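Below is one structure, written out as structure tokens, with a few remarks after it.
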Amino acid sequence: MECSRLLNRITLLPALLSTLMVFLLAGCDSKPPALMPAVKQFQTEEQKVLHIADMRTNHMHRLTHKRDETMYQGIRTTKHSFNACIDCHVPAPTVSKVVKHTDEEHFCVTCHIEVAVKLDCFQCHADRPALETAEVVKP
Amino acid sequence: MATKPVFSELDTDNTSFLGILGVLGAFIAAAAISFFYVEHHGHYVTGMNNQVVWGMPHVFAIFLIVAASGAANIGSLGTVFNKKIYQPLGRLSLIVAVSLLLGGLAVLVLDLGHADRLIIAMTYYNFKSIFAWNILLYNGFLVIMGIYLWSMMDRRKMAKAAYKPAGYVGFVWRFILTTGTGSIFGFLVARQYYDAAILAPLFIAASYVFGTAVFTLVLIALYKLTNRELGNEIQNRLRYTLAIFIALVLFFEIVRHVSNLYATEHHGVEAYILTGGDKITWLFWLGQVILGSLLPLLLIWLPSLKNNQLALLSAAGLAIFGGISQLYVIIVGGQLYPLVLFPNAEVESSYYDGSSTSYSASLPEFALGLGGVALSLALVVVAVKALRLLPETLADAAVADE
Amino acid sequence: MSEQKQANLIDRYRRRFLGGLTAAAAVTLAPGLILREVQAKPDDQPISDKVRWGMLIDTNKLSDGGDGMIAACKKEHGWGNDPHSSPEQQSQWVRKVTFKDKLTKHETSLPVMCQHCDTAPCVDVCPTGASFKRDDGIVLVDKHICIGCRYCMMACPYKARSFVHEHLENQKPQSPRGIGTVESCNMCVHRVDKGEQSACIEAAPQAAVFGDLNDPESAISKALAKYGAQQIRADLGLNTGVRYWGI
């Protein structure tokens with residue numbers, strides 16, 4: 001008796017949590033918070049649409065996969081590269097404005113505050129493009 | 001004449017039980033605050049640095065882990081060596097062992113640079129690493145001690161059948177565990193002070209000292225608290241166990257230092273530890289040798305102090321102090337002495353090559369270490385309150401004479 | 001034998017010896033050659049265990065004892081100025097070590113960094129496998145799974161590793177560093193993978209070569225085959241990827 005009730009409670013918890021997760025994700029999918037617009041664009045509209053669809057649901061898997069590929073096999077294509085995300089999505093620092101990972105408007109942060117998933121990536125990874133890149137971006 | 005021992009829960013009044021928990025809880029809270037403080041700021045608020053990478057928390061953690069294995073020895077003596085007199089103490093012995101291990105592991109884990117990644121330590125294993133093996137050994141120890149304790153406490157047939165095997169497995173496991181802990185240092189070939197196989201037996205012998213000392217203090221305190229009778233017979237057994245292993249540790253230390261003095265390459269580090277004049281030298285001679293070993297031996301073997309409980313308590317306390325000093329000398333002292341990159345040359349750099357560095361533990365490190373001790377004790381107190389671990393009497397007449 | 005004659009002999013021997021070094025170092029003086037040396041691997045291809053990257057540093061040719069190389073490393077990776085850390089706590093990917101022989105009083109300075117051992121003690125001891133050796137011989141920390149236990153720092157014979165003691169801001173994009181993890185010289189993997197050489201080597205072209213130790217035709221292998229080289233603490237048998245002349 002006792003035991004089965006406990007078991008029930010144990011299985012209930014993850015079930016509840018995952019339902020919550022789905023809600024949160026769905027919330028993000030259907031009505032994403034106002035995100036910082038990308039600084040660089042894709043060459044074609046098609047690429048962009050594919051990118052958005054893929055990234056909204058899969059960006060964490062893409063990043064983890066890329067992370068291991070780069071760390072262990074030295075594969076350094078820009079596709080799914082962390083630095084590439086930052087270069088496209090975060091404006092380069094200027095004298096008057098620097099967007100940091102502690103700001104809510106930072107591309108990666110806006111959503112993550114919304115869904116309450118804490119990112120530790122920026123303990124190490126640069127949260128803004130390097131200045132050299134900034135020069136290149138300028139039209 | 002020995003009768004079958006009757007076990008019962010801690011039958012003290014609630015005020016003293018809660019009082020003790022309150023005091024221990026304060027220490028645990030201080031440790032928790034220290035953890036969050038260091039976690040929030042980073043390790044720069046501690047005394048540890050890139051020269052002395054393991055400091056006071058590791059001294060405490062390793063003390064508790066090594067002591068855990070020794071505390072279970074009382075159980076092994078009863079089961080494996082069939083010493084009847086120790087059998088009533090088996091349950092308490094295992095609980096003390098498990099609690100010490102948990103306390104030690106907590107300190108070790110909370111000092112990690114990324115304590116939040118503990119799950120990685122549990123899921124990624126590098127089987128070449130003695131550290132990874134230790135994680136398995138520690139977890140195994142907890143499970144085995146759990147089964148062993150159950151086999152002592154449950155009256156069912158199955159439990160009775162498991163008693164002996166569990167005792168034997170536990171006995172062997174303890175050896176492997178302490179060897180593994182000693183080997184954490186034994187494998188560091190580059191550090192002059194650790195480069196010796198004798199560290200493993202040294203740690204095994206030390207585990208008996210630490211474990212017996214802690215167990216003695218806990219036992220006497222609990223019996224005082226509950227007003228139960230604790231005869232001289234048991235106390236004298238503990239007294240002599242303590243003495244024998246203090247002497248053995250001393251012997252291993254002499255062998256270790258003398259053989260180091262044979263190897264020319266180790267002269268530098270030996271001179272630094274034994275005569276360097278630093279805090280380490282004082283801790284070695286005064287802390288470990290005189291106060292931590294010779295004085296307790298004296299307290300135990302002076303005929304006029306026979307059956308003197310205060311002498312036993314002091315000896316156990318001093319042995320613990322000696323143990324902490326010993327581990328500090330090994331862990332911190334071994335790192336203070338610089339790595340030798342170029343023998344036969346005077347070496348200097350902007351990064352402390354060629355000269356010994358210094359280390360002084362910060363308050364959060366002490367608090368974390370003491371919190372681990374408090375956690376262990378609190379676990380023991382709660383366990384004896386909830387479970388039937390303590391024999392109602394250990395008077396001389398009640399314990400078995402062989 | 002007259003003193004005069006003996007001095008001549010020593011002189012001749014000395015000249016020959018130094019000549020040899022210059023000839024070998026001349027190899028290093030031709031930057032074009034070195035650039036071709038480190039073949040650019042296509043970005044999408046995994047690294048290969050046929051390659052073993054290594055460095056050779058001629059301490060006689062380092063007029064500044066390695067200061068320039070160290071400055072280049074700092075600039076590339078951004079370590080050494082963590083605001084809260086004490087000098088003992090600062091990261092030090094590479095440092096200048098000076099040693100004076102007790103007998104001859106001869107003084108030598110050299111940069112000491114991760115020696116990229118073949119049988120690296122740090123790799124053996126790491127409980128999670130975060131400390132690892134890439135197929136091409138570069139020893140790295142996978143900081144994503146580093147738990148910050150510092151056992152590798154205890155094990156390293158060269159004190160080549162540092163622990164980050166505080167939160168950092170504004171790191172270099174090419175070299176992520178962060179609190180609570182261990183770091184060390186990574187031979188500039190991000191450059192090597194692109195077919196460039198490490199920042200420190202570029203800063204001291206007259207004194208240092210970078211290349212594939214497994215390729216008998218590479219300049220570094222040729223120089224090593226001809227003149228040999230020393231390892232720091234060769235007695236430990238770690239078969240280091242970083243070799244020196246003049247220590």
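To find a chain, count down the sequence lines: A is the first, B the second, and so on, and within it residues start at 1. Given the structure is predicted, the values throughout are model-derived calculations rather than measurements.
- In terms of heavy-atom pairs under 4.5 Å with chain C, the best-connected choice from A:H101, A:Q73, A:H125 is A:Q73.
- Panel note: side chain C:E166, backbone C:H84; a donor-acceptor pair is recorded below 3.5 Å.
- No salt bridge links A:D103 with A:K97; every basic N to acidic carboxylate O contact stays at or beyond 4.0 Å.
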Salt bridge (charged side-chain N to carboxylate O under 4.0 Å, His left out) between A:R67 and C:D142, worked out: CA-CA 10 Å; A:R67 177 192 86 184; C:D142 181 353; 5.2 Å; no
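- Of the two parts of C:D135, neither the backbone nor the side chain holds a non-hydrogen atom closer than 4.5 Å to a non-hydrogen atom of chain A.
- Heavy atoms closer than 4.5 Å to chain C are found in the side chain of A:K100, but not in its backbone.
- When the candidates C:L140, C:N170, C:V189, C:L168 are compared by the number of heavy-atom contacts under 4.5 Å with chain A, C:N170 comes out ahead.
- At a 4.5 Å heavy-atom cutoff, the contact between C:R177 and chain A is made by backbone atoms alone.
- Look at C:E169 and A:R128 and you find a salt bridge, because one of the NZ, NE, NH1 or NH2 atoms lies within 4.0 Å of a carboxylate O, short of that distance.
- Among C:K143, C:R134, C:H167, the residue with the largest count of heavy-atom pairs under 4.5 Å with chain A is C:R134.
- At least one donor-acceptor pair closer than 3.5 Å links the side chain of C:Q90 to the backbone N or O of C:D82.
- Taking the charged nitrogens against the carboxylate oxygens, C:D215 and C:K50 have no contact shorter than 4.0 Å, which rules out a salt bridge.
- Both the backbone and the side chain of C:Q171 come within less than 4.5 Å of a heavy atom in chain A.
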